[in-house]
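Just the heavy atoms: all of them, side chains too, but no hydrogens, waters or symmetry mates, feed the values below.
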Amino acid sequence: MKLSSIDIAKSNAAKEAVKYVRDYEIIGIGTGSTVEKFIEIISKLDEFRNKLYVASSFDTILKLTNLGFKVLSSMNIDEIDVYVDGADEVDPELNMIKGGGAALTTEKILTFYSKTRIFIVDSRKLVKKLGERCPVPLDVLPGAVEMVTKYLRDRGYEVKPRESARGRCGPILSDVGGVILDLHTGPIEKVQSLDYLLNSIPGIIEHGLFIGLADTVIVGYTDRTEVLSK
Ligand code: 5RP
């Protein structure tokens, strides 16, 4: 099968990330198609066989275990050496929107508690301002969905439950049992203020703004990679 230019760019970012994680023993792994390429690459490298992994989603647990990797429960660890994940948007300060795969809550926990945080993206993910292309996902307790939605709509935000394209009827549920709502903001002028607002709303388990949480972003192009660091 012929790879698209986006697939090649994602693979290039994933290949470059190998260098950044090979010296660590406990590796956190995010969710999504770019991370899937990273998993495929390390599955072919012997040095990654005896390391321990922590996954951000059920999907990633399955991908890792199906390839024979040892996956720890996050209940058994108190710190992660290095975390590798994708992102939906990255701004020039390396702030990000994540949660396109609805795994934002565990992704933020693993990111926060990792000593080193590496993100791998294709170049389409670079934006001037967060919110330009993607909504901000919210993981919301089921019993608070209507109240959170009204609260945000009253403040001028467009909020929509994320529907499954095919399969389950009704809104998408996260791995932690929340309902995924998408907050359509357009380009966000003050990300810190929105981060603060969303952190302060009871019922929101977590949201997809990742502010100041990336150490390194590896950007894949069809013919090269670019490494952005804080
Ligand atoms: C999942 C995520 C993903 O990392 C993000 O959606 C990027 O995915 P992809 O690598 O498939 O573009 O945040 O919750």
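Interatomic distance, CG of Leu110 versus CD1 of Ile80, reported as 4.5 Å (0.5 Å rounding). Remark: Leu138 CG to Ser174 OG distance equals 11.5 Å, nearest 0.5 Å. Remark: Leu181 CG to His207 NE2 distance equals 13.5 Å, nearest 0.5 Å. From Thr105, atom OG1 reaches atom CG of Asp139 across 3.5 Å, with rounding to the nearest 0.5 Å. If you take CG on Leu152 and CG on Leu183, they are separated by 6.0 Å, rounding to the nearest 0.5 Å. Atoms CD1 and CD1, from Ile205 and Ile201 in turn, are 13.5 Å apart once rounded to the nearest 0.5 Å.
Residues meeting the side-chain contact (heavy atoms from CB on, under 4.5 Å) test with Ser57, sequence neighbours left out: Thr31, Asp59, Thr60, Ala103, Asp175. With sequence neighbours left out, Ile172 forms a side-chain contact (heavy atoms from CB on, under 4.5 Å) with Ala102, Arg162, Ser164, Ile180. Partners of Pro142 by side-chain contact (heavy atoms from CB on, under 4.5 Å), not counting sequence neighbours, listed by chain and number: Val179. In this structure Glu79 satisfies the side-chain contact (heavy atoms from CB on, under 4.5 Å) test together with Lys115, sequence neighbours excluded. Lys160 meets the salt bridge (charged side-chain N to carboxylate O under 4.0 Å, His left out) test with Glu158; sequence neighbours excluded. For Arg133, there are no salt bridge (charged side-chain N to carboxylate O under 4.0 Å, His left out) partners, not counting sequence neighbours.
Listed by first and then second residue, the salt bridge (Lys or Arg N to Asp or Glu O under 4.0 Å) pairs that reach into residues 198-214 are Lys108-Glu206, sequence neighbours excluded. Residue pairs meeting the ring-ring contact (aromatic ring centres under 6.0 Å, His included) criterion with at least one partner in residues 42-67, sequence neighbours excluded, are Tyr53-Phe69. Pairs of residues two or more places apart, or lying in two chains, that qualify as salt bridge (Lys or Arg N to Asp or Glu O under 4.0 Å) and include a residue from residues 24-35 are Glu25-Lys51. Residue pairs satisfying the ring-ring contact (aromatic ring centres under 6.0 Å, His included) criterion with at least one member in residues 79-105, sequence neighbours excluded, are absent.
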Donor-acceptor contacts, no H, no angles, side chain residues 144-151, under 3.5 Å, sequence neighbours left out:
from   : atom 1 : to     : atom 2 : distance (Å)
Thr149 : OG1    : Val145 : O      : 2.6
Lys150 : NZ     : Asp154 : OD2    : 2.6

Donor-acceptor pairs under 3.5 angstrom involving side-chain atoms of residues 223-230: please list them, not counting sequence neighbours.
from   : atom 1 : to     : atom 2 : distance (Å)
Glu226 : OE1    : Tyr221 : OH     : 2.8
Lys230 : NZ     : Gly212 : O      : 3.0

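The pair Lys129-Asp91 fails the salt-bridge criterion, with no side-chain N (NZ, NE, NH1 or NH2) lying under 4.0 Å from an Asp/Glu carboxylate O.
Using modelled atom types, no side-chain atom of Asp122 and backbone atom of Lys10 make a donor-acceptor pair closer than 3.5 Å. Between the side chain of Glu16 and the backbone N or O of Ile218, no donor-acceptor pair lies under 3.5 Å. No donor-acceptor distance shorter than 3.5 angstrom exists from the side chain of Asp195 to the backbone of Val191, with no hydrogens or angles considered. In this structure, the side chain of Arg117 does not engage the main chain of Val84 through any donor-acceptor pair within 3.5 Å. Under the 3.5 Å distance criterion, the side-chain polar atoms of Glu89 are matched with a main-chain donor or acceptor of Gly131. Between the side chain of Thr185 and the main chain of Ile188, no donor-acceptor pair closer than 3.5 Å is present.
Using modelled atom types and a 3.5 Å distance limit, the side chains of Asp215 and Thr116 yield no donor-acceptor pair.
The nearest pair of heavy atoms linking Glu163 to Pro171 is OE1-N, 4.1 Å.
Within 6.0 Å of CG in Asp46 there are 12 or fewer heavy atoms belonging to other residues, nucleotides or ligands.
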message: Using the rule given for side chain to side chain contact (heavy atoms under 4.5 Å, CB included), can you reason through Ile39 versus Leu67, listing the C-alpha separation, both sets of side-chain angles and the distance that settles it, and then say yes or no?
response: CA-CA 9 Å; Ile39 296 171; Leu67 288 165; 3.5 Å; yes
